[in-house]
Amino acid sequence: MSLLFRNRSFVLLFQGALVSAIGTTLYGFAGGLYVQTLFPKEIYGNAGAFYLSIVAAAPILATLIVSPLAGALVDKWNKVRIIYMTDFIRGAIFFVSLYMLRGGLTNYEIVTLFTIVGSIAGINAAFFRPAVTSVIPDIVGNDLIQAAQGAQSIVGSVQGILGVVAGMILYELIGIEVAILANAISFLISGLSEMFIRTKYDHPIVKSEEKHIFGDIKLGFKYMLTKEGLLTMMVFSLFLNFAFTPLFSVGIPYLFKTELGQDGFQLGYTNIAFSIAMLVGGVSVGSMKLKSLSSTVRKGITYLSSSFLLTTLVIYLVSYGFISYSLFYILFIVLMVALAIFMSITNIPLNTAMLKAIEPQYRGRVFSIIGALATGAIPLSMILGGLLIQYTNVAILGITCTVIMLFPTYGFLFNGSVRKLFTSFEEAEIDGRLQEAV
């Protein structure tokens, strides 16, 4: 991985993505706490969980809707330009939102503002993410793709550490306005650094025979169908996200802030533990020479599902008073570390194989479609999760999510189409090594 960070353009991409990601996490963490304070439980009951889910779901829904179109355009446009322009746009909209917030708004108007701003940010993210994913091989070459995937996971880990630390300090000690300002500035800094990225291993842009952009999207779907098991795997990924997202994006923040009455620092420390474990896992897995993709992913998903089940169990026990908060907190942090490590073991090998197996001229549109399919259930799951908490509690949400988790776990372990897909990825890896040797 040390060779990777000698590549100046990758360092610029890494730094830019890291700075903007920290700002996003800062804003998301502080914003989630702030929305809950607008609707105190003693007055509104558990309605705060529903409004929290709306604000959290808005950017994901916007990304989902735009992703297929964005992916087709990413394959046609300059990817580096897309990366820094989307960061500049996001910086600008957060400055505008700060100005409007300072003008004095009602609680419901603030929720509406956060929803609109989040949606615009999500549209930009729909272009940013496939551009970053598909430009990595052009910057580092095929030899360093796995190391680059490990480094990208570091972005997610460090953003979870620094973003949460900054978010809980700024929100708890200063206020939401400073958190928004910091987020806006982070995007502008990120965009400035990304302007100097240069690609070394450019692949020619292949002109499509399709006359319209929607024909290109259709072409991306057709390409996906040629990879046996890819669409099936996306369906299982969709259910995996349906299980994880409502509990961790809505349920856990609501559990700590509202049901258990803890401050942002208590929640923040658990997020930091998770992110540190992701950092360690990303560096370790990104540097490994994996013997079998299929075996590694199956082991990862098995341990991931087991950790999820135990997390739900400790939430249930603390919610109904069977264990003390102190014991719950220790167990919860341990489980966050386990979940992070097993996510790294599952995701990095899978993403690496897919990058190598998909032809360069299709990467943007295919990864956009994959992202859209994999995250398709997330907005709905968040809203349904918020509604379920409104009428029950976080423990019931956890049990529901655990039941849903059984379906994708079974699919990744035993589905024949998915097994064939993993085999094709491993064959692509062997072919790539043979070509490089020649």
Side-chain angles (χ1 to χ4, degrees), residues 20-21 24 27-28 31-32 35 50-77 79 81-83 85-94 96-97 111-134 183 187 208 210 212-225 230-231 233-246 248-250 358 362-387:
S20 62
T24 300
Y27 173 76
V35 169
F50 175 70
Y51 291 113
L52 172 61
S53 68
I54 293 293
V55 171
I60 301 172
L61 180 60
T63 301
L64 172 65
I65 294 172
V66 178
S67 281
L69 174 63
L73 292 174
V74 164
D75 283 330
K76 292 176 174 290
W77 293 349
K79 297 176 180 62
R81 188 174 295 122
I82 291 172
I83 291 169
M85 285 302 298
T86 52
D87 270 349
F88 284 145
I89 292 171
R90 284 183 283 185
I93 63 171
F94 281 109
V96 172
S97 69
V111 170
T112 302
L113 174 64
F114 280 21
T115 302
I116 294 173
V117 169
S119 298
I120 298 173
I123 291 171
N124 280 271
F127 286 87
F128 179 86
R129 291 170 186 168
V132 170
T133 301
S134 56
N183 189 32
F187 277 114
S208 171
E210 301 289 344
H212 303 289
I213 192 66
F214 292 103
D216 283 324
I217 297 173
K218 182 179 178 182
L219 187 63
F221 275 107
K222 285 183 177 179
Y223 181 85
M224 285 186 63
L225 293 175
L230 184 57
L231 193 59
M233 187 184 72
M234 288 303 100
V235 172
F236 291 130
S237 297
L238 184 148
F239 277 92
L240 194 65
N241 287 331
F242 200 100
F244 263 91
T245 305
F248 287 90
S249 296
V250 180
I358 296 173
Y362 294 103
R363 282 176 184 149
R365 73 196 81 183
V366 170
F367 273 99
S368 288
I369 295 169
I370 287 173
L373 291 174
T375 61
I378 288 179
L380 178 61
S381 71
M382 283 183 170
I383 295 172
L384 292 177
L387 285 172

Measuring from atom [atom1] of [X] to atom [atom2] of [Y], what distance do you get when rounded to the nearest 0.5 angstrom?
X	Y	atom1	atom2	value
L384	F50	CG	CZ	10.0 Å
F242	F239	CZ	CZ	7.5 Å
L73	K79	CG	NZ	11.5 Å
N183	I93	CG	CD1	9.0 Å

Quiz item: Looking at V35, T115, V250, which hits side-chain contact (heavy atoms from CB on, under 4.5 Å) with I54?
Solution: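 The residue from V35, T115, V250 that satisfies side-chain contact (heavy atoms from CB on, under 4.5 Å) with I54 turns out to be T115.
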
Should [X] and [Y] count as side-chain neighbours, where that means a heavy-atom distance under 4.5 Å?
X	Y	value
F128	I89	no
L61	I65	yes
T24	F187	yes

Looking at every non-hydrogen atom in both residues, tell me the closest pair between [X] and [Y] and how far apart they are.
X	Y	answer
S97	V117	CB-CG2, 3.6 Å
F127	I82	O-CG2, 3.6 Å
G385	P246	CA-CB, 4.2 Å
L52	G32	CD1-CA, 3.6 Å
A126	A70	O-CB, 3.4 Å
R90	A121	CD-O, 3.8 Å

Practice problem: Mind telling me whether Y27 and F114 have parallel, tilted or perpendicular rings, with 30° and 60° as the class edges? | Solution: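 Rings of F114 and Y27: tilted, 30 to 60°.
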
Quiz item: Between F244 and F248, how do the two ring planes meet: parallel, tilted or perpendicular, split at 30° and 60°?
Solution: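 The rings of F244 and F248 lie parallel, inter-plane angle below 30°.
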
Self-check item: Sidechain-backbone polar pair: T86 side chain, I83 backbone, donor-acceptor under 3.5 Å
Solution: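 Yes, T86 side chain to I83 backbone: donor-acceptor pair under 3.5 Å.
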
